[in-house]
Amino acid sequence: MSTHNNNNNTARVTAARRVAIFGGTHGNEMSGVALVNLWTKNGAEIQRKGVETRPFLANPWAVEKCVRYVDTDLNRAFTPENLSAPGGDELPYEVQRAQEINKIFGPKGSQEAYDVIFDLHNTTSNMGCTLILESSKDSFSLQMMNYIKKAIAPASCLVLLNEHPHLKYSTSRSVARHPVGLEVGPQPQGVLRSNIFQAMRVILKHALDFIELFNEGMEFPSCTVEVFRVLESIDYPRDANGNIIAMVHPNLQDCDWEPLNPGDPMFQTFDGQTVHYQGSSTVYPTFINEAAYYEKQQAFLTTRRETLAANAISKA
Ligand SMILES: CC(=O)N[C@@H](CC(=O)O)C(=O)O
Ligand SMILES: [Zn+2]
């Protein structure tokens, strides 16, 4: 007879004693900037027993100018090449900043790195609350996300998994042992909306509660988590000069996470023609019409719905 002893599958995970909350990785995404400024003045709300939680403004010059970045996108800058590049003051501002962040919270990939970095972002897309996971093997983050989803129900919080071989990028949070992105929208760049600010604040509360419980020895049994796995980046239709010739179709606009089927309307050209989705199966689009992605040649991302199994975890 095969016995199913869950204890054999329990992952032993070290306590999360050092936690950082990054706002302003992008200087025009205002909820994270406002929350980090608030918590820097008074950290009572983010303190938990047995945890040191550090609020941190990741890109202060971009925040000051209220732009996404000054020289280059900080949330793409944490590559091994950048982190070891000589050049000091000559380097692009965000590369210098990535090196500083890596010194304070890393080094990336080492045992001395921070346990968790929450990286707070806003999107102009109608994505609601979205947690961004960087590895399907990260049981600790998966368990945290499962806890958050249950804690905020019936409100919803979806999980975007990006471990795509080409579309994954080197984020600020990737310095930590457990990187957790939090993307909340819709909110225009440079604007604060109270509902979006509040939604982000509530997610952080539950995330920190989870860490406290875990550190105190609570065991979390194996579970499953629904995630949306990044599949493909879809660009706007363009002319020979690279100029956009169509917009997101009204049927798709604001319909993040809703199924997009082969043949469904996707873009509308300026002269009123419809461009249809040509994929071979149903996908779940997200980051639809995100303002910051025009420069990245991305109108939206497609994802596939998956159910991931998370190991039981307990404190090592
Ligand atoms: C709109 C935006 O900035 N989104 C983030 C997503 C992430 O943090 O992974 C980015 O592109 O860096
Ligand atoms: Zn961002």
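Bear in mind that the values here come from a model prediction, so they are computed numbers and not experimental data. Note that ligands are numbered from 1 as they come in the structure, with each ligand's atoms numbered from 1 the same way.
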J.: The Zn ion (ligand 2) is nearest to which N, O or S atom of His26?
T.: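 Atom name returned: ND1.
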
J.: Near the Zn ion (ligand 2), is there an N/O/S atom from Glu183 that is less than 2.8 Å away?
T.: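 Glu183 does not place any N, O or S atom closer than 2.8 Å to the Zn ion (ligand 2).
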
J.: With a 4.0 Å heavy-atom cut-off (strictly under), which part of Met127 contacts ligand 1: side chain, backbone, both or neither?
T.: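 Met127 to ligand 1: no contact under 4.0 Å from either part.
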
J.: For atom 5 (C) of ligand 1, which protein heavy atom lies nearest, and how many Å away is it?
T.: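 Result: Glu183 OE1, 3.4 Å.
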
J.: Checking side-chain hydrogen bond (donor to acceptor under 3.5 Å, both in side chains) against Glu29, which of Gln189, Gln187, Arg68 comes through?
T.: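 So the option named by the test is Arg68.
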
J.: Report yes if the side chains of Leu252 and Tyr277 come closer than 4.5 Å at any heavy-atom pair, otherwise no.
T.: no

J.: Where the Zn ion (ligand 2) is the centre, what is the OE1-to-ND1 angle for Glu29 and His121, rounded to 10°?
T.: 90°

J.: Distance under 4.0 Å to a non-hydrogen atom of Arg76: what atoms of ligand 1 satisfy this?
T.: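 Listed by number with element: 10 (C), 11 (O), 12 (O).
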
J.: Fit a plane to each ring of Tyr236 and Phe267, take the angle between them on a 0 to 90° scale, and name the class: parallel (under 30°), tilted (30 to 60°) or perpendicular (over 60°).
T.: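 Because their plane-to-plane angle lies in the 30° to 60° range, the rings of Tyr236 and Phe267 count as tilted.
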
J.: Just so I know, are the side chains of Gln198 and Val202 near enough to count as touching, which here means a heavy-atom distance under 4.5 Å?
T.: yes

J.: Side-chain contact, heavy-atom cut-off 4.5 Å: Leu83 with Phe78?
T.: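 A side-chain contact exists here, since the closest heavy-atom pair is under 4.5 Å.
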
J.: Below 3.5 angstrom, do we get any N/O pair linking Asn122 and ligand 1?
T.: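 It does not: no N or O of Asn122 is found under 3.5 Å from an N or O of ligand 1.
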
J.: For the residue pair Trp61 and Tyr93, does the interplanar ring angle fall in the parallel (under 30°), tilted (30 to 60°) or perpendicular (over 60°) class?
T.: perpendicular

J.: Among all protein heavy atoms, pick out the one at the shortest distance from atom 11 (O) of ligand 1; state its residue, atom name and that distance to 0.1 Å.
T.: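 That would be Tyr293 OH, 2.5 Å.
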
J.: Any carboxylate oxygen within less than 4.0 angstrom of a Lys/Arg side-chain nitrogen, looking at Arg304 and Glu306?
T.: yes

J.: Between Phe56 and Phe118, is the ring centroid distance below 6.0 Å?
T.: no

J.: Are any of the N/O atoms in Thr171 less than 3.5 Å from those in ligand 1?
T.: no

J.: Would you say Lys296 touches ligand 1, if touching means a heavy atom closer than 4.0 Å?
T.: no

J.: Looking at ligand 1, would Asp119 count as a contact under a 4.0 Å heavy-atom criterion?
T.: no

J.: If you count heavy atoms of other groups shown closer than 6.0 angstrom to CD of Gln111, is the number above 12?
T.: no

J.: State the atoms of ligand 1, each with its element, that fall below the 4.0 Å cut-off from a heavy-atom position in Tyr169.
T.: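 Counting atoms of ligand 1 from 1, those under 4.0 Å from Tyr169 are 6 (C), 7 (C), 9 (O), 10 (C), 11 (O).
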
J.: Checking the N or O distance criterion of under 3.5 Å, is ligand 1 in contact with Arg68?
T.: yes

J.: Out of the candidates Phe210, Tyr147, Phe220, only one should pair with Phe140 under the ring-ring contact (aromatic ring centres under 6.0 Å, His included) rule; please name it.
T.: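 Going through the options one by one, the only one that passes is Phe210.
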
J.: Considering both backbone and side-chain atoms of Glu290, is one of its nitrogen or oxygen atoms within less than 3.5 Å of a nitrogen or oxygen in ligand 1?
T.: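 No, Glu290 has no N/O under 3.5 Å of an N/O on ligand 1.
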
J.: Run the numbers for me: atoms of ligand 1, each under 4.0 Å from some heavy atom of Glu29, listed by number.
T.: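 Under 4.0 Å from Glu29, ligand 1 has these atoms: 1 (C), 2 (C), 3 (O).
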
J.: To check your reading of the model: name the closest protein heavy atom to atom 12 (O) of ligand 1, its residue, and the distance in Å.
T.: Asn75 ND2, 2.8 Å

